[in-house]
Peer 1: 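There's a structure below that I have some questions on.
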Amino acid sequence: MFERMKEDIEVVFEQDPAARTHIEVMLTYSGLHAIWAHRVAHGLFKRKMYFLARVVSQISRFFTGIEIHPGAKIGRRFFIDHGMGVVIGETCEIGDNVTVFQGVTLGGTGKEKGKRHPTIKDNALIATGAKVLGSITIGENSKVGAGSVVLQDVPPNSTVVGIPGRVVIQDGIRIKKGKDLNHSDLPDPVLDKIKELQNEIEKLKMEIHNSKEGVKENAHSHL
């Protein structure tokens, strides 16, 4: 158990440049607390002590802002950065070396029974605010961009962005416009839409200006 806890702390230092001391990490990192609490809750869940398991998970949710169902299966070296608003469903399965950021939902669509939450394979990254919904699989070494909504399987070694999520890079080959960069550099579909609206507004302003100029010219010509 202590080896696993030590490993969890090491992951924080590897992933977060803001981490300074072991004491700071152990006492102040809510993602780490949520993972440790989940191990206790999951152990109770496997022993069919469902009520106690839910009590532990809800206490953890209250203190960390991270909701992990006791039934979720989580591998080694799982890292939750910041963590507020993260939700992980009951039948979710997470592999090793997976990273998720704040606001991520690994949930269901409300239509499935049985296995109704995602499977996240080894070395995957789920960026800020992304929603991965349903009994789908995110392949090994894949990245889901910030704010994306993913409803279908994602192949290994892929980068997915948008609403609904689409593969923009697979096996290092760009399928559509995109960048295979760190999560902070992934395309932002919300920002792209804002820029598109700004361009439309500028066009409308120009058309209004041209119309006003045309009215003025017509008025002068009739004088």
Side-chain angles (χ1 to χ4, degrees), residues 7-20 24-26 28-38 57 60-69 72-89 92-108 117-134 136-151 154 156-169 178-194:
E7 186 178 64
D8 294 331
I9 294 169
E10 289 173 354
V11 171
V12 174
F13 281 102
E14 291 172 10
Q15 297 276 11
D16 187 357
R20 293 180 176 82
E24 177 190 32
V25 169
M26 287 189 291
T28 66
Y29 274 65
S30 59
L32 190 63
H33 301 158
I35 292 167
W36 287 347
H38 174 70
S57 70
S60 174
R61 176 181 179 272
F62 178 82
F63 283 105
T64 67
I66 298 166
E67 183 170 353
I68 308 176
H69 193 283
K73 298 177 182 178
I74 297 177
R76 302 175 75 96
R77 300 174 62 81
F78 181 50
F79 179 59
I80 302 174
D81 198 2
H82 299 294
M84 180 61 69
V86 167
V87 178
I88 299 175
C92 189
E93 297 178 21
I94 299 174
D96 297 333
N97 300 302
V98 171
T99 298
V100 303
F101 290 80
Q102 68 270 21
V104 164
T105 298
L106 306 178
H117 298 106
T119 296
I120 313 297
K121 296 291 188 177
D122 297 349
N123 307 309
L125 182 149
I126 317 296
T128 303
K131 314 301 178 190
V132 183
L133 306 176
I136 61 175
T137 298
I138 306 298
E140 293 181 358
N141 308 307
S142 289
K143 300 175 184 178
V144 177
S148 300
V149 178
V150 184
L151 302 172
V154 174
N157 309 305
S158 300
T159 299
V160 175
V161 298
I163 303 174
R166 67 188 188 283
V167 176
V168 294
I169 294 174
K179 299 178 181 178
D180 190 11
L181 302 172
N182 293 328
H183 109 93
S184 59
D185 296 320
L186 289 172
D188 185 341
V190 176
L191 182 60
D192 290 343
K193 180 58 68 175
I194 290 172

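All heavy atoms count here, side chains included; hydrogens, waters and symmetry mates do not.
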Peer 1: For the CD1 atom of Ile163 and the CG atom of Leu151, what is their distance to the nearest 0.5 Å?
Peer 2: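 It is 10.0 Å, given to the nearest 0.5 Å.
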Peer 1: So, does His117 use its side chain to make a donor-acceptor pair with the main chain of Ile136 at under 3.5 Å?
Peer 2: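 Looks like no, no N/O pair under 3.5 Å.
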Peer 1: Counting only heavy atoms not in Lys131, do more than 12 sit closer than 6.0 Å to its NZ atom?
Peer 2: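 Atom NZ in Lys131 is crowded, with more than 12 foreign heavy atoms closer than 6.0 Å.
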Peer 1: Name the one of Asp96, Asp122, Asn97, Thr99 that satisfies side-chain hydrogen bond (donor to acceptor under 3.5 Å, both in side chains) with Arg77?
Peer 2: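 So, applying the side-chain hydrogen bond (donor to acceptor under 3.5 Å, both in side chains) to Arg77 and each of Asp96, Asp122, Asn97, Thr99, only Asn97 qualifies.
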Peer 1: Out of curiosity, Gln102 CD to Met84 CE, how far, rounded to the nearest 0.5 Å?
Peer 2: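 The distance works out to 10.0 Å.
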Peer 1: Quick check for you: to the nearest 0.5 Å, what is the distance between Ile66 atom CD1 and His38 atom NE2?
Peer 2: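 Reported to 0.5 Å precision, the distance equals 12.0 Å.
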Peer 1: Taking all non-hydrogen atoms of both residues, which atom of Ser60 and which atom of Ala34 are closest, and how far apart?
Peer 2: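 Scanning both residues completely, I find the closest heavy atoms to be OG-CA, 3.7 Å.
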Peer 1: Do Ile35 and Ile74 make a side-chain contact, defined as non-hydrogen atoms from C-beta onward lying under 4.5 Å apart?
Peer 2: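 In short, these two side chains do not touch, never coming nearer than 4.5 Å.
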Peer 1: Taking all non-hydrogen atoms of both residues into account, name the closest pair between Ser30 and His82 and its distance.
Peer 2: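 For Ser30 and His82, the tightest heavy-atom pair comes out as OG-O, 3.1 Å.
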Peer 1: Taking C-beta and beyond as the side chain, do Leu133 and Thr105 meet within less than 4.5 Å on heavy atoms?
Peer 2: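 Yes; the side chains approach each other to less than 4.5 Å.
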Peer 1: State the NZ-CG distance between Lys121 and Asn157, to the nearest 0.5 angstrom.
Peer 2: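 Rounded to the nearest 0.5 Å, the NZ-CG separation comes out at 13.0 Å.
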Peer 1: Check step by step if side chain to side chain donor-acceptor pair (under 3.5 Å) holds for Asn141 and Asn123.
Peer 2: CA-CA 5 Å; Asn141 308 307; Asn123 307 309; 3.2 Å; yes
Peer 1: Can you tell me how far apart CZ (Phe78) and CD1 (Ile88) are? Round to the nearest 0.5 Å.
Peer 2: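 Atom-to-atom, Phe78:CZ and Ile88:CD1 are 4.0 Å apart.
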Peer 1: What's the shortest heavy-atom distance between Ile126 and Ala130, and which atoms?
Peer 2: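 Looks like CG2-CB, 3.7 Å.
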Peer 1: Work out which heavy atom in Ala72 is nearest to a heavy atom in Gly89; give both atom names and the distance.
Peer 2: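 What the structure gives for the nearest pair is CB-O, 3.4 Å.
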Peer 1: Can you check whether Tyr29 reaches Ile80 side chain to side chain, under 4.5 Å on heavy atoms?
Peer 2: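 Heavy-atom side-chain distance check fails, nothing below 4.5 Å.
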Peer 1: Restricting to non-hydrogen atoms, name the atom on Asp16 and the atom on Ala18 that form the minimum distance, rounded to 0.1 Å.
Peer 2: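 Result for this residue pair: OD1-N, 2.9 Å.
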Peer 1: Over all heavy atoms of both residues, which pair between Pro118 and Gly107 is shortest? Give the atoms and the distance, please.
Peer 2: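 Residues Pro118 and Gly107, closest heavy atoms: CD-O, 3.4 Å.
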Peer 1: In terms of heavy-atom contacts, does CZ of Phe13 have more than 12 from other residues, nucleotides or ligands at under 6.0 Å?
Peer 2: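 Enclosed.
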Peer 1: If you define the side chain from C-beta out and look only at heavy atoms, does anything of Val161 sit under 4.5 Å from Ser148?
Peer 2: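 In short, these two side chains touch, coming nearer than 4.5 Å.
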Peer 1: Pick from Val86, Ile94, Ile68: which one makes a side chain to side chain contact (heavy atoms under 4.5 Å, CB included) with Leu106?
Peer 2: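 Of the listed residues Val86, Ile94, Ile68, the side chain to side chain contact (heavy atoms under 4.5 Å, CB included) partner of Leu106 is Ile94.
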Peer 1: CD/Glu14 to CD/Glu7 distance, rounded to the nearest 0.5 angstrom?
Peer 2: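 Nearest 0.5 Å value for the CD-CD distance: 9.0 Å.
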